[in-house]
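A, B, ... follow the sequence lines: proteins, then strands. Residue 1 opens every chain.
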Amino acid sequence: MITKKVNSVHEAIEGIDSGMTIMFGGFGLCGIPENTIAALVNTSISDLTCISNNAGVGDFGLGLLLQKKQIKKMISSYVGENAEFERQMLSGELEVELTPQGTLAERCRAAQAGIPAFFTPAGYGTEVAEGKEAREFNGKMHIMEEAFKADFSIVKAWKGDEAGNLIFKGTARNFNACMAGAGKITIAEVEELVPVGTLDPNQIHIPGIMVQRIFQGEKFEKRIEQRTVRARN
Amino acid sequence: MALSKEDIAKRIAKEVKDRYFVNLGIGIPTLVANYVREDIAVEFQSENGVLGMGPFPFEGEEDADVINAGKQTITTLAGSSFFDSAFSFGMIRSQKVDLTILGAMEVSENGDIANWKIPGKMVKGMGGAMDLVASAENIIVAMMHVNKAGESKILKRCTLPLTGVGCVKKVVTELAVLEVIKKGFKLLERAPGVSVEHIIASTEADLIIEGEIPEMSI
């Protein structure tokens with residue numbers, strides 16, 4: 001067994017440097033690698049290009065890195081939950097590339113799968129298509145989108161083992177499963193790191209080959225963005 | 001009288017047929033789930049990675065790991081499944097999802113839709129809307145007929161940055177049900193008590209009106 005276990009989040013983020021491009025898993029605040037983000041906030045690393053579907057909220061998730069102005073550029077599909085983000089973007093302090101969500105996911109998956117580019121109908125005829133090659137397939141127009149190139153992928157899983165095998169829970173799988181293995185180095189933080197042999201190979205979502213560093217997060221707040229409930233009756 | 005948002009959702013719910021897989025956008029579209037007939041089998045897809053979405057959880061049973069695309073806590077039902085974001089948009093692009101219902105800021109008579117950006121004012125992002133409208137075969141827009149400034153959102157040409165081109169099939173507003181056909185917007189139904197003249201006056205685009213226009217049944 002090739003072990004991927006590192007002993008701390010500090011060991012996990014070794015080598016992350018200013019100016020790098022980093023993928024962060026999660027959808028909204030669901031399934032974000034919160035321990036790794038918190039560790040990055042405590043460094044002086046800056047000028048990051050972050051690939052993440054959302055930008056967190058003001059005081060949690062990537063919002064923390066934004067607050068400290070550690071992010072130079074965001075590549076996201078939806079950033080509506082973060083007022084500080086909108087302020088930095090409209091004032092020009094922050095560079096932003098908005099990309100359709102399915103395209104964002106596929107650009108991660110393409111990187112993970114070793115495919116340099118693909119065609120999608122999403123965004124054809126809109127400003128997203130500007131400057132991109134357009135081509136007709138089966139009577140329908142598509143635009144070419146390229147795979148992401150990232151220095152690090154940082155993902156969060158429910159369970160993992162020392163071999164780096166990952167299992168996600170619920171909708172926290174989201175971009176985490178698409179980003180694992182998509183960057184040059186993948187860091188996985190898990191709620192529970194179990195000994196090898198504990199996880200059923202049939203149930204693994206991401207095989208360990210896609211993960212270079214794995215650790216158990218110290219604390220998971222798992223904040224809920226929109227707590228919606230129904231009455232019991 | 002103009003319809004409430006709930007009534008718009010109720011009217012759209014009639015478009016949801018047996019054995020449909022449906023994706024609901026944020027806002028009025030989310031309400032549609034509350035009004036779908038109970039004697040038909042329908043599954044709701046949420047693009048963040050769940051098929052077979054159930055109602056909101058009971059208080060105390062919220063799970064931070066089980067949310068919908070609006071980031072709201074939800075539940076699953078018997079037969080539900082979870083998947084990653086790339087897979088989710090795969091099923092959207094390959095047209096496994098039968099019906100997409102979403103909100104809009106503007107719709108034009110050739111079926112263009114704008115709903116993600118007001119230059120210089122508001123930029124929240126397109127989320128999954130561009131992928132959905134580019135691939136879905138059946139797209140219904142749920143929105144108010146006029147904006148807060150009283151201007152028509154049903155236009156000859158969209159003025160805001162587009163989300164998708166030539167894709168909208170139907171629009172349901174508080175005043176009317178419109179179908180997008182080759183020649184433009186065809187008025188299908190009017191809200192109870194709302195006159196055809198009132199709809200024409202509230203609409204910047206030309207309307208195709210053939211014969212008596214029936215009132216919607218809600």
Side-chain angles (χ1 to χ4, degrees), chain A residues 27-31 53-54 76-81 86 89-90 96 98-110 112 120-128 140-142 158 168-178 205-206 220-232, chain B residues 26 30 46-50 53 55-76 82-90 92-93 112-114 116-117 119-135 161-167:
Chain A
F27 181 95
L29 301 179
C30 178
N53 188 55
N54 312 90
S76 305
S77 86
Y78 189 82
V79 293
E81 292 94 356
E86 208 161 351
M89 174 170 61
L90 291 172
V96 179
L98 288 167
T99 184
Q101 196 175 130
T103 298
L104 185 79
E106 198 63 18
R107 291 178 72 189
C108 296
R109 204 199 74 86
Q112 184 187 51
T120 176
Y124 176 75
T126 76
E127 61 182 54
V128 164
K140 187 170 175 166
M141 292 306 293
H142 294 72
W158 178 41
F168 304 98
K169 180 171 155 276
T171 53
R173 194 181 316 183
N174 56 55
F175 283 85
N176 287 302
C178 313
H205 292 134
I206 292 291
F220 285 92
E221 182 180 337
K222 295 176 74 166
R223 200 186 285 189
I224 292 174
E225 219 163 316
Q226 305 282 343
R227 188 179 297 275
T228 44
V229 295
R230 77 189 133 131
R232 286 175 200 271
Chain B
I26 296 163
T30 306
S46 197
E47 63 268 25
N48 59 315
V50 55
M53 236 194 311
F56 294 149
F58 291 121
E59 195 164 357
E61 293 177 7
E62 311 92 298
D63 183 345
D65 290 330
V66 182
I67 64 166
N68 63 16
K71 283 95 178 179
Q72 296 171 310
T73 45
I74 53 155
T75 57
T76 52
F82 295 117
F83 33 85
D84 67 63
S85 301
F87 201 98
S88 181
F89 283 94
I92 288 165
R93 279 191 302 265
D112 292 354
I113 175 173
W116 70 286
K117 182 179 184 180
K121 275 191 195 161
M122 186 286 288
V123 187
K124 292 188 186 305
M126 65 292 279
M130 279 194 185
D131 309 272
L132 281 157
V133 301
S135 294
L162 295 181
T163 307
V165 291
C167 53

ask   = Non-hydrogen atoms of chain A under 4.5 Å away: do they reach the side chain of B:Ala69, the backbone, both or neither?
value = both
key: Contact check, side chains of A:Gln226 and B:Thr73, non-hydrogen atoms, under 4.5 Å   = no
task = Please say whether the positively charged group of A:Arg173, taken as NZ for Lys or CZ for Arg, lies over the ring of B:Phe83, i.e. under 6.0 angstrom from the six-membered ring centre and within 45 degrees of the axis.
result = no
message = Can you tell me which portion of A:Ser76 sits under 4.5 Å from chain B's heavy atoms? Options are side chain, backbone, both or neither.
response = neither
message = So that I can tick it off, tell me whether B:Lys117 and A:Glu127 are bridged by a salt bridge, with the cut-off set at under 4.0 angstrom between side-chain N and carboxylate O.
response = yes
query = Given the options B:Val66, B:Val123, B:Val133, which has more heavy-atom pairs under 4.5 Å with chain A than any of the others?
reply = B:Val123
ask   = If you count heavy-atom pairs under 4.5 Å between each of A:Ile224, A:Leu104, A:Asn174, A:Asn54 and chain B, which one has the most?
value = A:Asn174
query = Relative to chain A, which segment of B:Asn68 carries a heavy atom at a distance below 4.5 Å: side chain, backbone, both, or neither?
reply = backbone
Side-chain heavy-atom pair B:Lys124, A:Tyr78 within 4.5 angstrom cut-off = yes
Note: B:Asp63-A:Lys169 ion pair, threshold 4.0 Å (strictly below) = yes
request  = Sequence neighbours left out, what passes side-chain contact (heavy atoms from CB on, under 4.5 Å) with A:Val96? Give chain and number order.
outcome  = A:Phe85, A:Met89, A:Leu94, A:Leu98
task = With the side chain counted from C-beta on, respond yes when A:Gln101 and B:Met126 share a heavy-atom pair under 4.5 Å apart, and no when they do not.
result = no
Atom CZ of B:Phe56 with >12 non-hydrogen neighbours under 6.0 angstrom = yes
Among the listed options A:Leu29, A:Leu90, A:Val79, the residue most often paired with chain B at heavy-atom distances under 4.5 Å = A:Val79
message = Apply side chain to side chain contact (heavy atoms under 4.5 Å, CB included) to residues B:Asp131 and A:Thr103 and explain how you reach the verdict.
response = CA-CA 7 Å; B:Asp131 309 272; A:Thr103 298; 3.7 Å; yes
Row check, A:Phe27 ring normal vs B:Lys71 NZ/CZ: under 6.0 Å, within 45° = yes
key: Contact check, side chains of B:Arg93 and A:Glu106, non-hydrogen atoms, under 4.5 Å   = yes
request  = Search all heavy atoms of A:Arg109 against all heavy atoms of B:Ala86 and return the closest pair with its distance.
outcome  = CD-CB, 3.7 Å
task = Please determine, among A:Gly102, A:Gly123, A:Ala231, the option with the most heavy-atom pairs under 4.5 Å with chain B.
result = A:Gly102
ask   = Where does B:Phe89 contact chain A at under 4.5 Å (heavy atoms): side chain, backbone, both or neither?
value = side chain
Atom pair CG (B:Asp65) and OG1 (A:Thr171), whose distance is rounded to the nearest 0.5 Å = 6.5 Å
ask   = If we only count heavy atoms from C-beta on, is the A:Thr126 to B:Val165 side-chain gap below 4.5 Å?
value = no
ask   = Tell me, side chain or backbone of B:Ser46 under 4.5 Å from chain A's heavy atoms, or both, or neither?
value = neither
ask   = Between A:Gly31, A:Gly125, A:Pro100, which residue shows the highest count of heavy-atom pairs closer than 4.5 Å to chain B?
value = A:Pro100
request  = Heavy-atom pairs under 4.5 Å with chain B are the metric here; pick the option from A:Ala122, A:Ala105, A:Gly170 that has the most.
outcome  = A:Gly170
note = Under 4.5 Å to a heavy atom of chain B? For A:Asn53 that would be neither
ask   = Considering only heavy atoms from C-beta outward, does the side chain of A:Val229 approach that of B:Phe58 to under 4.5 Å?
value = no
message = Check whether A:Thr228 reaches the backbone of B:Gln72 with its side chain - one donor and one acceptor, N or O, closer than 3.5 Å.
response = no
key: Max heavy-atom pair count under 4.5 Å with chain A, selected residue of B:Gly125, B:Gly127, B:Ala64   = B:Gly127
ask   = What option among B:Glu47, B:Met130, B:Lys121, B:Glu59 has the most heavy-atom pairs under 4.5 Å with chain A?
value = B:Met130
ask   = Where does B:Glu61 contact chain A at under 4.5 Å (heavy atoms): side chain, backbone, both or neither?
value = side chain
inquiry  = Restricting to side chain to side chain donor-acceptor pair (under 3.5 Å), what partner residues turn up for A:Arg227, sequence neighbours left out?
reply    = B:Glu62
ask   = Measuring heavy-atom distances to chain B, does A:Glu86 have an atom under 4.5 Å in its side chain, in its backbone, in both, or in neither?
value = side chain
